[in-house]
Amino acid sequence: MSEPLLEVRNLKKYFPVQHGMFSSGKGFVHAVDGVSLTVEKGETFGLVGESGCGKSSLSRVILGLVKRDSGDILYKGQDVRTLSRSERAKLRMVFQNPFASLNPKERVFDIIAEPYRIAGGFSHTQIQEEVLKLMDLVGLSRGYATRYPHEFSGGQRQRIGIARALAMNPEFIVCDEPVSALDVSIQAQILNLLRDIQKELGLTYVFISHNLGVVKYISDRIAVMYLGKIIEVSEAKDLYASPAHPYTQALLSAIPGAVEYLHIDRVLLQGDIPSPVNPPAGCRFCTRCPYAQERCATVEPEMRQVGEGHYAACHLVGKEAE
Ligand code: SF4
């Protein structure tokens with residue numbers, strides 16, 4: 001098997017709790033708590049979970065936008081901290097909110113041109129050629145180059161954001177909920193655009209979403225996160241055909257019609273998601289799991305293989321449970 005493009009080993013990031021008027025005592029939000037994963041060149045690796053599960057924090061730590069506490073992040077086998085500036089420019093991000101992520105005072109041309117200007121060494125003519133090529137690629141009329149972000153719809157703004165992320169020929173792009181702020185009718189257009197661009201440029205994506213339908217549509221493999229940990233990872237089709245972890249089963253069975261369509265049992269989640277400041281000992285999911293046993297509250301389950309390329313962290317699944 002070839003070396004993965006990205007390898008993350010036992011990554012941890014805790015954020016200190018912000019003290020509000022009624023908070024007391026110190027603590028840390030366990031945003032990313034021992035995450036390991038690999039992303040192969042050319043694939044789309046989906047990352048799914050409820051809001052606050054740590055998926056966006058994980059992506060920001062991977063891209064170096066937030067400093068890690070511990071763990072390894074290797075890009076083509078090299079620690080990302082030791083990558084040169086030009087190598088780092090190969091790792092980019094498409095942000096969630098196309099309304100907030102674009103500078104309202106800059107014209108489209110300048111927004112897309114910014115990475116070239118920061119990198120330096122490009123003439124105005126070269127930058128102009130690159131920006132116009134990128135506008136063509138994402139389906140924006142060249143005539144829009146002198147307009148400002150407020151003159152565009154949400155879908156068009158996300159196209160501008162994608163064009164900016166494609167500047168400087170990246171190889172690896174984290175798409176952080178890139179369609180969640182858009183109308184449903186526009187979402188498919190942006191997902192198809194991302195897929196077409198991936199094929200054309202040979203890109204690798206990490207695609208983050210809380211929406212299982214969106215993740216299924218675009219991903220080759222999917223990891224499910226819960227309270228700072230990955231609890232299941234699999235080929236996309238296997239995850240939906242035979243979810244192994246009770247949390248994944250609960251997420252899938254909550255999709256309208258999924259119980260009949262996917263032939264899975266309805267799994268009802270109990271209670272609320274626990275605080276990431278004080279996550280449960282043992283299995284993180286034990287306070288909400290309908291199948292929890294005594295040991296689940298004290299012994300943390302390891303990732304076990306449940307099928308080819310399919311792993312889940314639950315005491316009840318995998319080889320040792322047979
Ligand atoms: S380890 Fe126990 S609590 Fe956790 S998902 Fe499995 S059965 Fe449920």
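Start at 1 and go down the list; that is how both ligands and their atoms are numbered. Because only heavy atoms are used, hydrogens play no part in the values below, and waters and symmetry mates are left out as well, while side chains stay in.
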Mutual orientation of the aromatic rings belonging to F152 and Y144 [parallel < 30°, tilted 30-60°, perpendicular > 60°]: perpendicular
For Y148 and H150, take the angle between the two ring planes, folded into 0 to 90°, and tell me which bin it lands in: parallel under 30, tilted 30 to 60, perpendicular over 60. parallel
Using the rule side chain to side chain donor-acceptor pair (under 3.5 Å), only one of E43, E40, E235 pairs with R221; which is it? E43
Transitive ILVMFWY side-chain link L91 to I118, under 4.5 Å: no
How many N, O or S atoms of the protein are nearer than 2.8 Å to atom 6 (Fe) of ligand 1? 1
Taken in chain and number order and not counting sequence neighbours, the residues that satisfy side chain to side chain donor-acceptor pair (under 3.5 Å) with R81 are D79
May I ask you to check whether H245 and F285 place their ring centers less than 6.0 Å from one another? yes
